2 protein chains.
Amino acid sequence: MTPLLQYFKKFSPLSKEAEKAIIEISNIETIKKNKDLQPIGHTCKTIYFIKQGVARIYYFKDGIDITERFFFENSIIARVESLFTGKPSRKAIQILEDAEIIAINANQLFKLYDSYPEIERLFRKIFESAYVETVNRIEGIQFHSAEERYNALLNEAPNVLMRVPLKHVASYLGITQVSLSRIRGHH
Amino acid sequence: MTPLLQYFKKFSPLSKEAEKAIIEISNIETIKKNKDLQPIGHTCKTIYFIKQGVARIYYFKDGIDITERFFFENSIIARVESLFTGKPSRKAIQILEDAEIIAINANQLFKLYDSYPEIERLFRKIFESAYVETVNRIEGIQFHSAEERYNALLNEAPNVLMRVPLKHVASYLGITQVSLSRIRGHH
DNA sequence: CTAATCTTTTATCATAAGATAAAAAATCAA
DNA sequence: TTGATTTTTTATCTTATGATAAAAGATTAG
């Protein structure tokens, strides 16, 4: 659980009791490549932390598999549009590389908010930060050509291109796989 | 201040003292159309609530004015990528229709979080909800043609098209004004 | 190791949207 | 009200990306 506690420290300090309380509602799981960690249609009641491996959130639009986001080591995954609304998610979480993850029970976590304001504060900050990333991503999408978006990804997150099938990168960038291949071909 | 308190109630209950504490750090302002409420380059230290009027967040990309989002009555505006990071914002808030707004001092608000966990919880929920909207918007952008995005806007927020210059709608949709005009022409 | 499957590239053609220019319409200021 | 400015539309030409098909390459299971 150490990497998780280290991750938390970057956002907000926690007392030993608060750390213990979170650990008590968390489980380490090992998941094989290509497995769905959470399927489409289920309400998100778990917040995951990736210790090792790669994952993505994806969904289907008109029958086409679209990747919403990739996740690597030391990051939190949650389908927030379900977690924060209680509605079933149209999205799934899939493991792309054999992974070791920590699963935090969200309902129990939210209960901890009442007794540990420091935990509520920690997760407030974690999700504020995720919100900022998402806002910045919109800026990256609005008004950039596919080629510009590809080059930006190449600069900012080359690990995505090293560790993830290009077909997923294509849908993440909002283009077809064929277009991505063509763009890459322009050297 | 009543509409603000009503707005809060939709997210989380507040004690009378907490309400009072927020009201003490808030001011009502009247702003004329076309004024910048907050200019580019300033660090966001205010959270606004629109009582009446329309506003947008915009920025310049390669010299071109791009609208990130529109805001109408009974909503909260903040440039979160500055508010939550303390960095200066590359974005501005502009008033598009004569407006009456409530300005909440963010630094003072964040101090209130320590004495009023209920206020921290309220704003946690407000921004969680804004985060969800932003995630959903990415889904709307990824993999839709300009025409589909226009029609979606027409359905989901016709008020945008009634109250806002089309040139701003175009950049919001990620297309040129000329393209938007062409799409509208295809009736 | 081999066959089957999945992923990526290459090629061709069609189309949506960009760039530019200019006209028309609407808004604003004196 | 009138002229000036801003906004929106229309037109032409160009280009990036989609759709489809097929080949090449990589991965996986037996």
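Lettering follows sequence order; numbering is per chain, from 1. The model shown is predicted, which means the values in this text are computed figures rather than measured ones.
When the P atom of dT8(C) is taken as reference, atom CE of Met162(A) falls 13 Å away, rounded to whole Å. Following rounding to the nearest Å, Ile64(A) (CD1) and dG18(D) (P) show an atom-to-atom distance of 10 Å. Spacing between atom CG of Asp62(B) and atom C1' of dA19(C) amounts to 15 Å, rounded to whole angstrom units. Following rounding to the nearest Å, Ile175(A) (CD1) and dA17(C) (P) show an atom-to-atom distance of 16 Å. In this structure, Gln177(A) atom CD and dA26(D) atom C1' are separated by 13 Å, rounded to whole Å. Atom CG in Leu166(B) sits roughly 14 Å away from atom C1' in dT27(C) (whole-Å rounding). Here the C1' atom of nucleotide dT28(D) and the CG atom of Asn34(A) are 11 Å apart, to the nearest Å. The CG atom of Leu180(B) sits 16 Å away from the P atom of dA16(C) (whole-angstrom rounding).
Take the nearest nucleotide of DNA chain D for Gly174(A) and for His168(B): the residue whose nucleotide is more 5' is His168(B). Positionally, the nearest nucleotide of DNA chain C for Ser181(A) lies more toward the 5' end than for the other of Ala146(B) and Ser181(A).
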Trace of the salt bridge (charged side-chain N to carboxylate O under 4.0 Å, His left out) decision for Lys20(B) with Glu24(B): CA-CA 6 Å; Lys20(B) 226 177 257 172; Glu24(B) 263 168 32; over 6 Å; no

ring-ring contact (aromatic ring centres under 6.0 Å, His included) assessment of Phe127(A) paired with Phe84(A): CA-CA 11 Å; Phe127(A) 287 115; Phe84(A) 291 148; 5.0 Å; yes

Evaluation steps, ring-ring contact (aromatic ring centres under 6.0 Å, His included), between Tyr172(A) and Tyr58(A): CA-CA 9 Å; Tyr172(A) 173 77; Tyr58(A) 73 97; over 10 Å; no

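Listed candidates were dT6(D), dA19(D), dT10(D). Nearest to the side chain of Arg182(A) is dA19(D). Comparing dC6(C), dT20(D), dT10(D) by their closest approach to the side chain of Val178(A) singles out dT20(D).
Among the heavy atoms of the strands lying under 4.0 Å from Ser145(B) are primed sugar atoms or P, OP1, OP2 only; no base atom is included. Backbone-only engagement by Thr176(B) is indicated by non-hydrogen atom pairs under 4.0 Å involving sugar-phosphate atoms exclusively.
Note on the helix from dC1(C)-dG30(D) to dA30(C)-dT1(D): terminal axis deviation equals 60°, with five pairs used at each end and the result rounded to 10°.
Between Arg184(B) and the phosphate of dT9(D), there is a side-chain N or O to OP1/OP2 separation shorter than 4.0 Å.
No side-chain heavy atom of Lys10(A) sits under 4.5 Å from any side-chain heavy atom of Ile126(A). Contact annotation: the side chain of Ile93(A) approaches that of Arg79(A) to within less than 4.5 Å [non-hydrogen atoms, C-beta and beyond].
Looking only at atom types and distance, the side chain of Arg56(A) has a donor-acceptor partner in the side chain of Thr67(A) under 3.5 Å away. Side-chain N/O atoms of Ser12(B) and Glu118(B) include no donor and acceptor closer than 3.5 Å.
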